[in-house]
Peer 1: 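Have a look at this one.
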Amino acid sequence: MFDKGRMIDNVGRYLPTKNLAGALLIIKFDERSFAPMRYFLYARKSTDDEDRQILSIEAQLVELRQLATREKIHVVKELVEAKTAKKPGRPIFNDMLLQIERGAADGILAWHPDRLARNSVDGGKIIYHVDQGIIKSLLFPTYRFDDNAQGKFMLSIAFGQSKYYIDALSENIKRGIRLKLSKGIWPQWAPIGYLNDPKTRGIIKDEGKAPFIAKSFALYSTGRYTLQEIRDKINSLGMVGRKGIPLSPWQYQCILRNPLYYGVFRYNGESYEGTHEPIITKKLFDRCQEVMAGRAKPHKVKHPFALRGLMRCGECGRMITAELQKGYVYYRCTKRQRTCSQRYTREEILVTQIQSILQKVSLCDDWTTKILRELDKDRATDVQSSRPQQQNLQDKITDIDRKISRLIDVYLEGAISLEEYQRKKEAYLNEKKDLQERLKDFAAGGDNWFERAKDFVTDLNRIGCVLREGNIESQREILEKIGSNFILKERRLNFSSEGTFRHYLSCAPYQTWRRGRDLNSRCGITHIAV
C-alpha cells in the first residue's frame, strides 16, 4: 500500500524513497505483490583496444556490489562476460535475457547502458523487453532510467551513442591501419621474433628471440629436420612464446611460412614492403618453402643415419638408403622397380673413404693465413670496381617502384581485378626484395663472394679438427661443400668436383683465384693455385 510521499511494505513498515545522484530510485517493488524486485548484476569488458579506458570487470563489480549492499538491492546472480558488444551473440547476455523472460529476475543492474549493448540488435531487445514489461527495472550507478516514454527515448539515445562511438572508433582505427600500411609498418601485434616499438608504432627485432627464428629457418632449409625436431632443438635453447609457453610444431610451421621475416608482409590479401629489419634473407625463405612443399621433404627415421640421402647408386641411379643390422649400419641401393647387382656397404668403409678425401683438401694454418690476407686485399679493390653493377641494380629497383605505381593506377581504373592486382604486386615486391639483397651483397663486397670464400677457407682449415673429433655429420657437411653428385658403385664413393668448391673458383672476381691441376703435398691443397 502507498502513503503520501512514502511506501509501506506488506507488514506496515515505512520505507523511505531514497534517490541516487539526486533522482534515481533504488529500492523498487512489484506493484502487484509489493515484493522487492530481483536483479541480475551484469558486468562486461571487451578485450578490444577501444575498451581500454572502460573500468575493468573487477572495478565494475566493486561499485555494483557496494551499491547493492548500500541500497539493499536483491541481487539474484552476478554475471560476468569478457566479450565485445559490437556484434550480437554474447552467450551470457543472451542467457540473462532468456532467464528474465522465464521469471528468474525482474531487472538488470549494470554500470552503464553501454555495458549492455553497443549494437542496435541487443539495444532493441532491451527496449522491447521494457515495453512488454518483461524487464521491469534497469539500474545504473552512472545513468538514470525512468520506465516511461521519455526514459525509454533517452535509453535508446544512450544505446545509439554507444553504437556511434564504436563505429567512429572503428573508422579511426582503420584509417590508422591504412596509414601504417602506406608507410610499410606492420599494423598489428608483433609476431614472435619482433617487438612493438611504442615510439615509432612499428616493430623492432627482438634480440633475444630473433636468433632462434633465424636458426629455425636455417635448420629447416637443409631438409633434414621435421617440424617436431626443430621444435625440440630450438625450444631446448630457451625459445618461448609471449606467455612463456614453449612453441608447438604448428607455431613453427606458421613462422616458416611467414614472409614478414624477410621484409614483406601480407595484410587482408595484399602484400606490402616492410620497413622493419629482416631476420632472414629471401633466398633462405624460398628454400624453406621448397622443403615444405615436398621437393626436399624430410622423413622421420628411427635411427639417425649420417650418410643417408647423400649418394645414388652408380648402376641404376636409385637413392642409397641405410639399414641397421646386428648393430652395424649398412648402405644399399633402394632397387625400386629395377634389378640392381650392387651389394651392401658398411658405414665404416664409407667413412674411411670420406676421411681420405678430406685429408687431401685440408688446409694448414700458414696457408690459411696467407689466403685470408689476400682475400681481404682483393675485397677492398672489388668494392670500387663493382659500383657500375650496383648502379644497375639500383636502376632495376627504381623501375620496379614505377611498375608498382602504374599497377595501382591500372587497378583503380578497373582494368584488372583485385586478385590480379594483389598477385602482380606481390611478384613485384618479391623481385624487388631479391634485387635489394643482391645490392646489399655487392655493397658488402663482390656479391658477398669474399665472405663466403673466407668461410670456405676456414672450413678447409678445420678439417683436421673434424677428423680428430670423429663426427660423421660434420665430415659429411664439409664433403658436400667440396663436391656434388655423389655416386656409390662397387663399394667405392665417387663424386664430381663441380660442387661448392669449384663454384668459389669459377665465380671469383680475380684471375689470381684460378683452377689448377697439381696437388700441394705439404698442405693438401687440391685444384688451387695462388
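The figures that follow rest on heavy atoms only: side chains count, while hydrogens, waters and symmetry mates do not.
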Peer 1: For Asn196 and Gln188, indicate whether the former's side chain and the latter's backbone hold a donor-acceptor pair under 3.5 Å.
Peer 2: yes
Peer 1: Answer yes or no: is there a side-chain heavy-atom contact under 4.5 Å between Ile234 and Leu219?
Peer 2: yes
Peer 1: Between atom CG of Leu488 and atom CG of Leu310, what is the distance when rounded to the nearest 0.5 Å?
Peer 2: 9.5 Å
Peer 1: For a 4.5 angstrom cut-off between non-hydrogen side-chain atoms, does Cys333 reach Ile320?
Peer 2: yes
Peer 1: Kindly check if the number of other-residue, nucleotide or ligand heavy atoms within 6.0 Å of CZ (Arg492) is above 12?
Peer 2: no
Peer 1: Any donor-acceptor pair under 3.5 Å linking the side chain of Asn461 with the backbone of Val457?
Peer 2: no
Peer 1: Are the side chain of Arg491 and the backbone of Tyr344 linked by a donor-acceptor contact shorter than 3.5 Å?
Peer 2: yes
Peer 1: Which is it for Arg266 and Glu426 under the side chain to side chain contact (heavy atoms under 4.5 Å, CB included) test, yes or no, and what are the steps along the way?
Peer 2: CA-CA 9 Å; Arg266 302 188 188 99; Glu426 183 175 0; 2.9 Å; yes
Peer 1: Check the pair Leu479 / Leu493 against side chain to side chain contact (heavy atoms under 4.5 Å, CB included), numbers first and verdict last.
Peer 2: CA-CA 12 Å; Leu479 182 67; Leu493 177 62; 4.2 Å; yes
Peer 1: Which heavy atom of Lys205 sits nearest a heavy atom of Pro278, and at what distance?
Peer 2: NZ-O, 3.6 Å
Peer 1: Taking Thr334's backbone N and O only, do any of them form a donor-acceptor pair with Arg318's side chain (distance below 3.5 Å, no angle check)?
Peer 2: no
Peer 1: Checking Gln251 side chain against Ser248 main chain: does a donor-acceptor pair fall under 3.5 Å?
Peer 2: yes
Peer 1: Can any side-chain N or O of Thr275 pair as donor or acceptor with the backbone N or O of Gly184 at less than 3.5 Å?
Peer 2: yes
Peer 1: For the atom pair OG (Ser216) and CD1 (Ile230), what is the distance rounded to the nearest 0.5 Å?
Peer 2: 6.0 Å
Peer 1: Heavy atoms only: give me the nearest Lys233-Ser236 pair and the separation to one decimal.
Peer 2: O-OG, 2.5 Å
Peer 1: Just jot down the ring-ring contact (aromatic ring centres under 6.0 Å, His included) partners of Phe285, sequence neighbours excluded, or say none.
Peer 2: Tyr262
Peer 1: Measure the spacing between OG1 of Thr345 and CZ of Arg332 and express it to the nearest 0.5 Å.
Peer 2: 11.5 Å
Peer 1: If you take all heavy atoms of Val291 and Gly223, which pair is closest and at what distance?
Peer 2: CG1-CA, 4.0 Å
Peer 1: List, one per line, each side-chain donor-acceptor pair under 3.5 Å for residues 396-405, sequence neighbours excluded.
Peer 2:
| unit_1 | atom_1 | unit_2 | atom_2 | d |
| --- | --- | --- | --- | --- |
| Thr398 | OG1 | Gln394 | O | 3.0 |
| Asp401 | OD1 | Lys432 | NZ | 2.6 |

Peer 1: With side chain to side chain contact (heavy atoms under 4.5 Å, CB included) as the criterion, how do Leu260 and Ile203 come out once you've worked through the C-alpha distance, each side chain's angles and the decisive distance to 0.1 Å?
Peer 2: CA-CA 11 Å; Leu260 182 138; Ile203 57 176; 4.2 Å; yes
Peer 1: Flag the pair Phe305 / Ile472 as yes when at least one side-chain heavy-atom distance between them is below 4.5 Å, and no otherwise.
Peer 2: no
Peer 1: In chain order, what residues pass the salt bridge (charged side-chain N to carboxylate O under 4.0 Å, His left out) check against Arg257, with sequence neighbours excluded?
Peer 2: none
Peer 1: Taking all non-hydrogen atoms of both residues into account, name the closest pair between Arg312 and Gly317 and its distance.
Peer 2: NH1-O, 2.9 Å
Peer 1: Can you tell me how far apart CD1 (Ile185) and CZ (Arg201) are? Round to the nearest 0.5 Å.
Peer 2: 10.5 Å
Peer 1: When you look at Leu195 and Lys209, which way does the side chain to side chain contact (heavy atoms under 4.5 Å, CB included) test go after all the steps?
Peer 2: CA-CA 10 Å; Leu195 298 172; Lys209 296 180 180 178; over 6 Å; no
Peer 1: Indicate whether any N or O donor in one side chain lies under 3.5 Å from an N or O acceptor in the other, for Asn235 and Tyr252.
Peer 2: yes
Peer 1: Around Arg343, counting heavy atoms of other residues, nucleotides and ligands shown, do more than 12 lie under 6.0 Å from its CZ?
Peer 2: no
Peer 1: Tyr330: what forms a ring-ring contact (aromatic ring centres under 6.0 Å, His included) with it, not counting sequence neighbours?
Peer 2: none
Peer 1: Any sub-3.5 Å donor-acceptor pair from Ser356's side-chain atoms to Gln353's backbone N or O?
Peer 2: no
Peer 1: Count the heavy atoms belonging to other residues, nucleotides or ligands that lie under 6.0 Å from CD of Glu473, then report whether that count exceeds 12.
Peer 2: no
Peer 1: Taking Lys83 for its side chain and Pro91 for its backbone only, find out whether a donor-acceptor pair lies under 3.5 Å.
Peer 2: no
Peer 1: Can you measure from CG (Asn430) to CG (Leu435) and round to the nearest 0.5 angstrom?
Peer 2: 11.0 Å
Peer 1: Quick one, Ile354 and Arg476 - any side-chain contact, counting heavy atoms below 4.5 Å?
Peer 2: no
Peer 1: Taking the six-membered ring of Tyr272 as reference, does the cationic atom of Lys183 (NZ for Lys, CZ for Arg) lie under 6.0 Å from its centre and within 45° of its axis?
Peer 2: no
Peer 1: Evaluate side chain to side chain donor-acceptor pair (under 3.5 Å) for Glu270 paired with Tyr421, printing each intermediate quantity in order.
Peer 2: CA-CA 9 Å; Glu270 186 170 347; Tyr421 162 73; 2.7 Å; yes
Peer 1: Check whether any side-chain heavy atom of Tyr220 sits under 4.5 Å from a side-chain heavy atom of Leu227, and report yes or no.
Peer 2: yes
Peer 1: Starting at CE of Met319, measure out to SG of Cys313 and round the result to the nearest 0.5 Å.
Peer 2: 11.0 Å
Peer 1: With the side chain counted from C-beta on, respond yes when Glu431 and Tyr428 share a heavy-atom pair under 4.5 Å apart, and no when they do not.
Peer 2: yes
Peer 1: Assess Arg90 against Phe93: is NZ or CZ under 6.0 Å from the centre of the six-membered ring, and within 45 degrees of the ring's axis?
Peer 2: yes
Peer 1: Could you tell me which non-hydrogen atom of Pro191 sits nearest to which non-hydrogen atom of Tyr261, and how far apart they are?
Peer 2: CB-OH, 3.8 Å
Peer 1: Counting C-beta onward and ignoring hydrogens, is there a side-chain heavy-atom pair between Phe217 and Ile255 closer than 4.5 Å?
Peer 2: yes
Peer 1: Please check this pair: side chain of Asn119 against backbone of Ala85, looking for a donor-acceptor N/O pair closer than 3.5 Å.
Peer 2: yes
Peer 1: Name all residues meeting the side chain to side chain contact (heavy atoms under 4.5 Å, CB included) criterion together with Gln355; count only those two or more places apart in sequence or in a different chain, and write none if there are none.
Peer 2: Val351, Leu467, Gln475
Peer 1: On a heavy-atom basis, which atom in Ala214 and which in Ile280 lie closest, and how many Å separate them?
Peer 2: CA-CG2, 4.0 Å
Peer 1: Taking only residues two or more places apart in sequence or in another chain, which ones pass side chain to side chain contact (heavy atoms under 4.5 Å, CB included) with Cys465?
Peer 2: Arg468
Peer 1: Where does the angle between the aromatic ring planes of Trp186 and Tyr267 fall among parallel (under 30°), tilted (30 to 60°) and perpendicular (over 60°)?
Peer 2: perpendicular
Peer 1: Does Lys282 come within less than 4.0 Å of Asp286, counting only side-chain N to carboxylate O?
Peer 2: yes
Peer 1: Are Ile463 and Leu363 close enough that some pair of their side-chain heavy atoms sits under 4.5 Å apart?
Peer 2: no
Peer 1: Does Lys215, at its NZ atom, have more than 12 non-hydrogen atoms belonging to other residues, nucleotides or ligands within less than 6.0 Å?
Peer 2: no
Peer 1: Between the side chain of Gln342 and the main-chain N/O of Glu490, is any donor-acceptor distance below 3.5 Å?
Peer 2: yes
